Amino acid sequence: MILIDTHTHLYSEEFATDRTEMMERALQNNVQHFFVPAIDASYFNGMQQIKEQYPNNVHLMMGLHPCYVKPETYEEELAFVKKQLDTNAYCAVGEIGVDLYWDKTTLALQQQAFATQIQWAKKLGLPINIHCRDAFDEVFEVLEQEKSNELFGIFHCFTGNFNQAQKALSLNMKLGIGGVATFKNGKIDQFLNEIPLTEIVLETDAPYLAPAPHRGKRNESSYVSLVAQKLAVIYNTTVNQIAEQTTKNALNIFKL
Ligand SMILES: [Zn+2]
């Protein structure tokens, strides 16, 4: 069995004291590939280090996280992203999108940065990895505007309803499913079995959003197996079948 964590912040300061052990646990738990989203330039060295340590297992994305789109710095940050993407060392553009939970005042700027980075992804033939928090309409507005055959990717940590899931799929996006599927009030477990398994990829978003029974504690990539177990229940199938299909989907999107 091979599992893939399509969204994990391996470089996080939360793993400063036991990063190697954390990686060992994940590899022991059949997690073979780790897709690592960018946040801003300050995390660049940490990303490079984990890639050097696990060159065959770790795959880096590049992008500017919507919470870090600020009027004073976004131009410089975007220039950095562009320069990095042009080195062709990245598997996706992410995480990018809109977050209105933390800051509503930067909405216009967030949407502009999102659109710009989508255009780069399309030109480079790369998938995008979308961060969307309290902002489905605002994310869909940009996706509609940039819609094309070249636009594809993953709606990371999908937490929407059935209609929003359908809409995401119609825009060439897969759904990234993580710990929220295991939460009692997470809601997505109620309709997920109506979404074909071919449209689903697994993720942790470690160190955030740990699945049950670790909810509220630090998350790590080995827990992607708990998400697979929950999906086996939701889809009334085996963990092996969940692993096989979601791994195939992920390898496909990231062209591995
Ligand atoms: Zn993330």
Side-chain angles (χ1 to χ4, degrees), residues 3-16 19 22-23 26 31 33-51 57-70 77 81 84 90-103 106 110 113-114 117-118 121 126-136 138-139 153-160 168 173-183 186 188 200-211 214-224 226-227 246 250 253-254:
L3 290 165
I4 295 186
D5 190 348
T6 61
H7 192 111
T8 175
H9 298 270
L10 298 175
Y11 50 83
S12 166
E13 47 274 22
E14 296 277 330
F15 301 119
R19 199 177 325 271
M22 178 273 291
M23 288 299 290
V31 185
H33 294 288
F34 305 80
F35 292 91
V36 175
I39 295 178
D40 75 355
S42 72
Y43 291 93
F44 181 70
N45 288 338
M47 291 174 68
Q48 294 299 314
Q49 271 166 28
I50 196 81
K51 174 72 181 168
N57 308 94
V58 169
H59 312 277
L60 302 182
M61 308 184 204
M62 181 44 62
L64 179 59
H65 189 296
C67 290
Y68 294 76
V69 176
K70 299 294 175 194
E77 287 281 356
V81 168
Q84 283 302 317
Y90 299 91
C91 64
V93 179
E95 55 189 294
I96 60 175
V98 182
D99 189 314
L100 296 180
Y101 178 82
W102 294 107
D103 189 356
T106 54
Q110 288 189 48
F114 185 31
Q117 294 180 93
I118 288 175
L126 294 176
I128 62 169
N129 196 264
I130 303 172
H131 172 106
C132 171
R133 190 161 184 197
D134 290 355
F136 272 103
E138 292 78 4
V139 162
I154 296 170
F155 231 97
H156 138 66
C157 186
F158 184 81
T159 51
M173 297 298 145
K174 306 283 179 198
L175 308 184
I177 302 297
V180 175
T182 70
F183 296 174
I188 53 168
I200 305 287
V201 294
L202 305 184
E203 63 169 64
T204 58
D205 200 17
Y208 317 106
L209 292 169
H214 307 288
R215 189 174 181 181
K217 304 212 183 77
R218 186 185 76 170
N219 197 3
E220 59 176 62
S221 281
S222 67
Y223 295 168
V224 82
L226 296 169
V227 179
T246 56
I253 295 170
F254 291 110

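The residues of the chain are indexed from 1 along the displayed sequence. As the structure lists them, so they are numbered: ligands from 1, and atoms in each ligand from 1. Any value given below was found using the heavy atoms of this structure, including those in side chains, with hydrogens, waters and symmetry copies removed. What you see is a predicted model, and the numbers here were worked out from it, not measured in a lab.
In this structure the side chain of Asn219 reaches within 4.5 angstrom of the side chain of Pro211, judged on heavy atoms. Residues Phe35 and His59 meet the side-chain proximity criterion, which asks for heavy atoms closer than 4.5 Å. Using a 4.5 Å heavy-atom threshold, the side chains of Val139 and Phe155 count as touching.
Restricting Asp205 to its N, O or S atoms, the one at the least distance from the Zn ion (ligand 1) is OD1.
If you put the vertex on the Zn ion (ligand 1), NE2 of His9 and OE2 of Glu95 sit 90° apart, to the nearest 10°.
Distances from the Zn ion (ligand 1) show that Cys157 has no N/O/S atom below 2.8 Å.
Ring pair His156/Phe158: centre-to-centre distance not below 6.0 Å.
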